[in-house]
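Single-structure report; data block below.
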Amino acid sequence: MRYPDSGGQTSAERARRERVRFEAAKMFEQGIRPPEVAERLRISRKSAYAWHRRWASGGTEALRSKGPSGRPSRIRPEWRAWLETELERGPAAHGWTEDQRWTLARISTVLARHFHVSPSVPQMWRILHQMGWTAQIPQHRAAERDDEAATTWVKETLAAREKTVREKDAWLVFADEAGQSLRPPRATTWSPRGITPTVRVNAGSGRISLASAVCCRPGERTRLIYRILVHHPGRRTEKKGFREPELAALLDAAYQQLGRRDIVLVWDNSTQHTDAAMRALIAARSWLTVFRLPPYCPELNPDEGVWSNLKKSLANLAACTLDQLAALAKTRLKRMQYRPGLLDGFIAETGLILTP
């Protein structure tokens, strides 16, 4: 148990420290000098001399623990359950509508409004850690998202998808597209304190477009199939991104590489996936069955894990050309192809695990 505001020391730590002092008292009784006691018990000489003075004036009892130091907390244990409930309601419920951040000062204000007790910022930090709360970077979700529809999709559509996979002895394929410009994602690096590091990057135009498919089937190694398009600025003959014919070509390549078995495809509701041209291409492929993800639910697509992993590997990329960027992206994706365990992790992260 950690006592509130006891300097961060638990009752177990105080008991351990007390046992060390009692061992020192036994050595003092044997006539061992404080420097040797400090060496044997691996404590500082300052502590050994302080304990020796206390032992000389009051005996072993003078070295007994006096309990937690500092003033007792004014935050009662029952208040913490109330505070946790209020924090889960969010800052907007307490009047902070300009952003959705809980800061230590705001949390202290919430307590002060209700209980007329205003903890300091350091004390508020200790209280939150004792409650099991930590400062974290939140994940963003679209305001247009319908959580009820997402739950229904997982319960109903997911079951229908697995039934189709089993009946057709098919491959389950998750597909998605992404892009990357010459300006790389930023990532943490080391630098002297107070000096912001600078990474020189290419600010030119142009981009690469990527499309990939994570393919899984019970009893088979998980596969990754991808395609890359490079669009140089000023070259009108180059495609700017994946449209319906290019996506159909990716699915045809997956069909060939997966042993010409039926495919159950799961992807989102972007325009090039749902328009008339794509519907006609899907209808012309008897081996293809399509399920659509609920709107604004990218976390249900394992292919998002592929793009996240790729962009992290391209972070702080030094200045380069589009062709070099395409080559680096190809190298990173090829590495993923040889790591089926990593691809399985992307699938497991979504919770949409295919049962045999």
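A centroid separation of 6.0 Å or more is found between the aromatic rings of Phe174 and Trp267. Here Trp133 and His129 keep their ring centres 6.0 angstrom or further from each other. Aromatic pair Trp79/His114: ring centres not closer than 6.0 Å.
A 6.0 Å sphere centred on CD of Gln257 holds more than 12 heavy atoms belonging to other residues, nucleotides or ligands. Within 6.0 Å of CZ on Phe291 lie more than 12 heavy atoms contributed by other residues, nucleotides or ligands. Counting non-hydrogen atoms of neighbouring residues, nucleotides and ligands closer than 6.0 angstrom, the CD atom of Glu84 exceeds 12 such neighbours. Atom CZ of Arg221 is surrounded by more than 12 heavy atoms from other residues, nucleotides or ligands within 6.0 Å. Arg45 CZ: 12 or fewer foreign heavy atoms inside a 6.0 Å radius.
No donor-acceptor pair closer than 3.5 Å links the side chain of Gln180 to the backbone N or O of Ile208. At least one donor-acceptor pair closer than 3.5 Å links the side chain of Gln324 to the backbone N or O of Thr321. Counting only distance, with no hydrogens or angles, the side chain of Asn316 and the backbone of Thr189 share no donor-acceptor pair below 3.5 Å. Without hydrogens or angle criteria, Arg42 side chain to Ala38 main chain gives no donor-acceptor distance under 3.5 Å. Put simply, the side chain of Thr109 gets close to the backbone of Ala105: a donor and an acceptor are under 3.5 Å apart. Formation of a donor-acceptor pair under 3.5 Å by the Trp55 side chain with backbone atoms of Phe28 is not found in this model. At least one donor-acceptor pair closer than 3.5 Å links the side chain of Ser108 to the backbone N or O of Pro119. The main-chain N or O of Ile43 is never found under 3.5 Å from a side-chain atom of Ser47 such that the two would form a donor-acceptor pair. Remark: the backbone N or O of Pro298 is not paired with any side-chain donor or acceptor of Glu304 at under 3.5 angstrom.
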Under the criterion side chain to side chain contact (heavy atoms under 4.5 Å, CB included), I'd like the reasoning laid out for Leu128 against Leu104: C-alpha separation, chi angles, the key distance, then a yes or no. CA-CA 9 Å; Leu128 288 175; Leu104 295 174; 3.5 Å; yes
Between Lys26 and Glu29, is the salt bridge (Lys or Arg N to Asp or Glu O under 4.0 Å) condition met? List the steps. CA-CA 5 Å; Lys26 293 179 182 178; Glu29 292 172 356; over 6 Å; no
Using the side chain to side chain donor-acceptor pair (under 3.5 Å) rule, take Ser209 and Lys240 through it: C-alpha gap first, then chi angles, then the decisive distance, then the call. CA-CA 7 Å; Ser209 298; Lys240 294 184 178 181; over 6 Å; no
Let me see the working for Asp268 and Ser270 under side chain to side chain donor-acceptor pair (under 3.5 Å), right down to the final yes or no. CA-CA 6 Å; Asp268 58 28; Ser270 59; 3.1 Å; yes
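Defined by atom type and a distance below 3.5 Å, a donor-acceptor pair is missing between the side-chain atoms of Asn269 and Thr274.
The line from CG of Asp303 to CD of Glu177 is 8.5 Å long, rounded to the nearest 0.5 Å. Taken to the nearest 0.5 Å, the NE2 atom of His231 stands 9.0 Å off from the CZ atom of Arg207.
Counting only heavy atoms from C-beta outward, the side chains of Leu250 and Phe242 never approach each other to under 4.5 Å. Residues Arg183 and Asn202 are not in side-chain contact: their nearest non-hydrogen atoms beyond the backbone lie 4.5 Å or more apart. Contact check for Cys297 versus Leu300: side-chain heavy atoms found under the 4.5 Å cut-off. At a threshold of 4.5 Å between non-hydrogen side-chain atoms, the residues Leu251 and Ile263 do not count as touching. Residues Asn301 and Thr350 form no side-chain contact, since every pair of their non-hydrogen atoms from C-beta on lies 4.5 Å or further apart. Put simply, the side chain of Glu18 does not reach to within 4.5 Å of the side chain of Arg14, judged on heavy atoms. Leu317 places none of its side-chain heavy atoms less than 4.5 Å from the side chain of Leu182. Two residues are said to be in side-chain contact when any heavy atoms from C-beta on lie closer than 4.5 Å; Gln130 and Trp125 fail this criterion.
Salt-bridge annotation for Arg227 and Glu246: absent, with no side-chain N of the basic residue lying under 4.0 Å from a carboxylate O of the acidic one. Ion pairing between Arg106 and Glu98 holds under the 4.0 Å rule for side-chain N and carboxylate O.
Pairing each heavy atom of Lys330 with each of Tyr226, the nearest pair is CG-OH, 3.4 Å. Of all non-hydrogen atoms in Cys215 and Ile225, the two that sit nearest each other are SG-CD1, 4.0 Å.
In this structure, Arg19 forms no cation-pi arrangement with Trp51, as its terminal cationic atom is not both closer than 6.0 Å to the ring centre and no more than 45° off the ring axis.
Aromatic ring orientation, Tyr255 versus Trp287: parallel (interplanar angle below 30°, classes split at 30° and 60°).
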